[in-house]
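Step one of this worksheet: look at the structure below.
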Amino acid sequence: PVVLFWIMLIVQYGLWWHAKQVANAAAAEAVDAAQVSTGSARDGEDAAASYLAQSGNLDNITVTVSREPTVVTVEVRGEAPQLVPGFAWSVTARSTAPVERFIPEPER
């Protein structure tokens, strides 16, 4: 039983690691969509939701996009699949980038 438990913990860690990578990629997708000059916070949320729908492996997902005049910040939270009873493995990913803006040639 102890060996089986250790194997389950190793697999559980792999599931958590994969969920963390999915959350990081979803946050990056959201920032990419929201940071363009015509983008919005809603565009970022839609991009993250689309990515998460395709990749799965996260439950109870919340995506928060904050688009200010100069910076976009995205936070993706979720829970990794639970293989070992009694352990809740949550993940959080944050991504920040400047908002793209056009600068005319004479002002560069």
Side-chain angles (χ1 to χ4, degrees):
V2 173
V3 172
L4 182 60
F5 181 72
W6 279 109
I7 291 171
M8 288 175 60
L9 279 178
I10 291 168
V11 172
Q12 179 67 65
Y13 176 77
L15 289 170
W16 173 83
W17 184 83
H18 182 260
K20 179 70 172 167
Q21 297 304 312
V22 167
N24 284 333
E29 288 287 325
V31 163
D32 288 346
Q35 83 179 93
V36 296
S37 60
T38 59
S40 66
R42 184 68 188 161
D43 292 335
E45 291 170 0
D46 291 343
S50 174
Y51 184 86
L52 291 167
Q54 293 174 6
S55 58
N57 202 30
L58 279 175
D59 297 320
N60 301 326
I61 304 165
T62 58
V63 178
T64 306
V65 179
S66 171
R67 188 176 195 275
E68 298 172 10
T70 59
V71 70
V72 175
T73 304
V74 176
E75 181 175 279
V76 177
R77 291 178 177 262
E79 295 177 3
Q82 186 176 5
L83 179 66
V84 179
F87 290 97
W89 297 65
S90 63
V91 295
T92 302
R94 288 182 192 89
S95 187
T96 303
V99 173
E100 294 178 356
R101 59 190 176 103
F102 175 73
I103 300 174
E105 183 70 35
E107 295 178 21
R108 291 185 203 172

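All values derive from a computational prediction rather than experimental measurement.
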> Taking a hydrophobic cluster as the set of Ile, Leu, Val, Met, Phe, Trp and Tyr residues connected by side-chain heavy atoms closer than 4.5 Å, whether directly or through intermediates, do V72 and F102 fall within one such cluster?
Replying inline: no
> Distance-only, no hydrogens or angles: does the Q35 side chain make a donor-acceptor pair with backbone N or O of V99 under 3.5 Å?
Replying inline: no
>> How close do V22 and G56 get, counting heavy atoms only, and between which atoms?
In response: CG1-O, 3.7 Å
> Nearest 0.5 Å, what's the CD-CD1 distance between Q12 and I7?
Replying inline: 14.5 Å
>> List the residues meeting side chain to side chain donor-acceptor pair (under 3.5 Å) with E105, not counting sequence neighbours, and say none if there are none.
In response: R108
> Does A34 offer a backbone N or O that forms a donor-acceptor pair with the side chain of R67 under 3.5 Å?
Replying inline: yes
>> Using 0.5 Å steps for rounding, measure from the CG atom of N57 to the CG atom of L52.
In response: 10.5 Å
>> Would you say that T96 contacts V31 through its side chain, given a criterion of any heavy-atom pair below 4.5 Å between the two side chains?
In response: no
>> Is it the case that the side chain of W89 and the backbone of Y13 share a donor-acceptor pair, with hydrogens and angles ignored and the cut-off at 3.5 Å?
In response: no
> At their closest point, which heavy atom of L15 faces which heavy atom of A80, and how far apart are they?
Replying inline: O-CB, 4.1 Å
> Side chains of T92 and E75: does their closest heavy-atom pair fall under 4.5 Å?
Replying inline: yes
>> Does any part of the side chain of V74, heavy atoms only, come nearer than 4.5 Å to the side chain of T64, both counted from C-beta?
In response: no
> Can you tell if the side chain of V63 reaches within under 4.5 Å of the side chain of I61, non-hydrogen atoms only?
Replying inline: yes
>> Keeping Q54 on the side-chain end and A49 on the backbone end, is there a donor-acceptor pair under 3.5 Å?
In response: no
> Which heavy-atom pair separates A19 from L58 by the least distance, and what is that distance?
Replying inline: CB-CD2, 3.7 Å
> At what distance, to the nearest 0.5 angstrom, does CD of E100 lie from OG of S37?
Replying inline: 7.0 Å
>> To check you understand the geometry: which heavy-atom pair defines the closest contact between G44 and A30, and what is its length?
In response: O-CB, 3.2 Å
>> Quick one: does any side-chain atom of E29 pair with a main-chain N or O of Y51 as donor and acceptor, under 3.5 Å?
In response: no
> Do the side chains of W17 and L83 join up, straight or via other hydrophobic residues, at under 4.5 Å, putting them in one cluster?
Replying inline: yes
> Should I10 and W16 be regarded as members of a common hydrophobic cluster, given that ILVMFWY residues are connected when their side-chain heavy atoms come within less than 4.5 Å of each other, either directly or indirectly?
Replying inline: no
> Quick one: does L9's side chain get under 4.5 Å of V84's, heavy atoms only?
Replying inline: yes
> What distance separates S90 OG from D59 CG, expressed to the nearest 0.5 Å?
Replying inline: 12.0 Å
